[in-house]
Amino acid sequence: MNLTLRIWRQAGPDTAGSMTTYQVTGISPDMSFLEMLDTLNEELILRGDTPVAFDHDCREGICGACGMVINGRAHGPERTTTCQLHMRHFEDGDTIDVEPWRAAAFPVVKDLVVDRSAFDRIIGSGGYITAPTGSAPEAHATPVPKEAADTAFEHAECIGCGACVAACPNGSAMLFTSAKVVHLNVLPQGAPERGSRVRSMVAAMDAEGFGGCTNTGECATACPKGIPLPSIAAMNREYLRSLR
């Protein structure tokens with residue numbers, strides 16, 4: 001496959017960026033999108049040019065580091081992470097636009113790399129369960145209803161990639177925050193702090209400058225792990241309950 005790539009290049013957070021065009025040839029349909037970018041970077045290095053900076057880690061779709069906007073869609077044309085997107089989903093001769101996550105709360109660090117530490121601060125504000133230290137409790141000491149366990153597992157699948165924010169026209173982090181809140185609040189272990197947790201995490205989300213939710217649903221559509229849109233309503237109910 002021969003492709004034309006238009007990639008956002010930005011030397012740093014305080015410099016202006018622009019789209020730069022590159023030609024890549026000999027791309028295998030079996031390559032992942034990141035392997036294709038590796039091929040481009042090898043060519044750039046051989047020419048003495050600066051390679052394209054992009055985030056990645058596991059390359060197995062579980063760490064959430066590899067997010068980028070591909071042809072206007074978070075993670076590209078398939079509902080998966082960028083590292084699990086394969087070039088067979090493109091055609092020979094295609095022009096592909098590659099941009100970083102587009103959100104005010106995710107400032108660009110360099111090229112396709114953005115600072116997603118806002119997510120870390122939201123989790124740090126309450127996305128955990130406070131428990132006394134000591135020996136591990138008996139596995140079956142606290143019974144968890146099947147429905148609650150299923151809901152917790154469903155929301156625990158969130159990998160914090162930020163696709164929901166990038167896809168949202170308002171740059172909202174409601175889907176991410178709701179996944180972290182609901183995951184813990186439906187479990188008996190999370191019940192003692194459920195009120196303070198949702199208030200703290202929502203306050204932290206607002207403080208980071210994320211936009212408001214208007215229920216467009218683009219977040220759930222883009223989520224590679226299928227976090228359901230109703231989780232936002234569940235978090236809103238938790239928040240209102242905590243104010244009583």
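The model shown is predicted, which means the values in this text are computed figures rather than measured ones.
- For the pair Arg197 (side chain) and Gly190 (backbone), a donor-acceptor distance under 3.5 Å is present.
- No donor-acceptor contact under 3.5 angstrom links the side chains of Gln10 and Asp111, judged on distance only.
- For the 3.5 Å distance criterion, the side chains of Ser125 and Ser200 fail to qualify, holding no donor opposite an acceptor.
- No side-chain heavy atom of Gln84 sits less than 4.5 Å from a side-chain heavy atom of Ser32.
- A single hydrophobic cluster is not seen to contain both Ile232 and Leu240; linkage of ILVMFWY side chains at heavy-atom distances under 4.5 Å, directly or through other members, places them apart.
- Defined by atom type and a distance below 3.5 Å, a donor-acceptor pair is present between the side-chain atoms of Thr130 and Glu193.
- For the ring pair (Phe, Tyr, Trp, His ring centres under 6.0 Å) condition, the pairs that include at least one residue of residues 151-200, sequence neighbours left out, are Phe119-Phe176.
- Annotation: salt bridge (Lys or Arg N to Asp or Glu O under 4.0 Å) contacts of Glu43 (sequence neighbours excluded): none.
- Between Val69 and Pro100, every side-chain heavy-atom pair lies at or beyond the 4.5 Å cut-off.
- Residues Leu40 and Leu44 have side chains in contact (heavy-atom distance under 4.5 Å, counting atoms from C-beta outward).
- Rounding to the nearest 0.5 angstrom, the gap separating the CZ atom in Phe210 from the SG atom in Cys164 is 8.0 Å.
- Screening residues 66-89 for salt bridge (Lys or Arg N to Asp or Glu O under 4.0 Å) gives Asp30-Arg88 as the qualifying pairs, with residues at least two apart or on separate chains.
- Expressed to the nearest 0.5 Å, how far CD of Glu208 lies from CD1 of Ile122 amounts to 6.0 Å.
- With contacts defined as side-chain heavy-atom distances shorter than 4.5 Å, the pair Leu85/Met68 does not qualify.
- Using a 4.5 Å cut-off on side-chain heavy atoms (C-beta onward), Gln189 and Thr142 make contact.
- In terms of modelled atom types and a separation under 3.5 Å, the side chain of Asn71 and the main chain of Asp97 share a donor-acceptor contact.
- By the 4.5 Å heavy-atom criterion applied to side chains, Ile96 and Leu3 are counted as neighbours.
- Using a 4.5 Å cut-off between side-chain heavy atoms of Ile, Leu, Val, Met, Phe, Trp and Tyr, with links allowed through other members, Val182 and Ile123 fall into different hydrophobic clusters.
- Sorted by first and then second residue, the ring pair (Phe, Tyr, Trp, His ring centres under 6.0 Å) pairs with a member in residues 36-67 read Phe54-His56; sequence neighbours excluded.
- In this structure, CG in Asn2 is found 8.5 Å from CD1 in Ile27, a value given to the nearest 0.5 Å.
- Under a hydrophobic clustering in which Ile, Leu, Val, Met, Phe, Trp and Tyr are joined whenever their side-chain heavy atoms come within less than 4.5 Å, directly or via other members, Val52 and Leu34 fall into the same cluster.
- Using a distance-only test at 3.5 Å, with no hydrogens or angles considered, a donor-acceptor pair links the side chain of Asp94 to the main chain of Glu91.
- Counting only N and O atoms by type, the side chains of Ser172 and Asn170 include no donor and acceptor under 3.5 Å apart.
- Among pairs with a residue in residues 76-95, those fulfilling ring pair (Phe, Tyr, Trp, His ring centres under 6.0 Å) read Phe33-Phe90, at least two apart in sequence or across chains.
- With contacts defined as side-chain heavy-atom distances shorter than 4.5 Å, the pair Asp57/Cys83 does not qualify.
- Under the 4.5 Å side-chain heavy-atom criterion for grouping Ile, Leu, Val, Met, Phe, Trp and Tyr, Val144 is not connected to Tyr128 through any hydrophobic cluster.
- Side-chain atoms of Arg116 come within 3.5 Å of backbone atoms of Gly64 as a donor-acceptor pair (strictly under, hydrogens ignored).
- Put simply, the side chain of Arg194 never gets that close to the backbone of Leu187: no donor and acceptor are under 3.5 Å apart.
- Separation of atoms CE (Met174) and SG (Cys213) is listed at 5.0 Å; rounding is to 0.5 Å.
- The distance from atom CG of Leu112 to atom CG of Leu37, rounded to the nearest 0.5 Å, is 7.0 Å.
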All N/O donor-acceptor pairs, side-chain side in residues 12-22, below 3.5 Å, sequence neighbours left out:
| residue | atom | partner | partner atom | Å |
| --- | --- | --- | --- | --- |
| Thr15 | OG1 | Gly12 | N | 3.0 |
| Thr15 | OG1 | Gly12 | O | 3.0 |
| Tyr22 | OH | Arg9 | NH1 | 2.6 |

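- Between His75 and Pro224, some side-chain heavy-atom pair lies under the 4.5 Å cut-off.
- Judged by distance alone, with hydrogens and angles left aside, the side-chain atoms of Glu238 form no donor-acceptor pair with the main-chain N or O of Met235 at under 3.5 Å.
- Clustering ILVMFWY residues whenever any of their side-chain heavy atoms sit less than 4.5 angstrom apart, transitively, puts Val186 in a cluster other than the one holding Leu229.
- Within the 3.5 Å criterion, the main-chain N or O of Asp120 finds no donor-acceptor partner in the side chain of Ser117.
- Atom CD of Glu60 is separated from atom SG of Cys66 by 11.5 Å, given to the nearest 0.5 angstrom.
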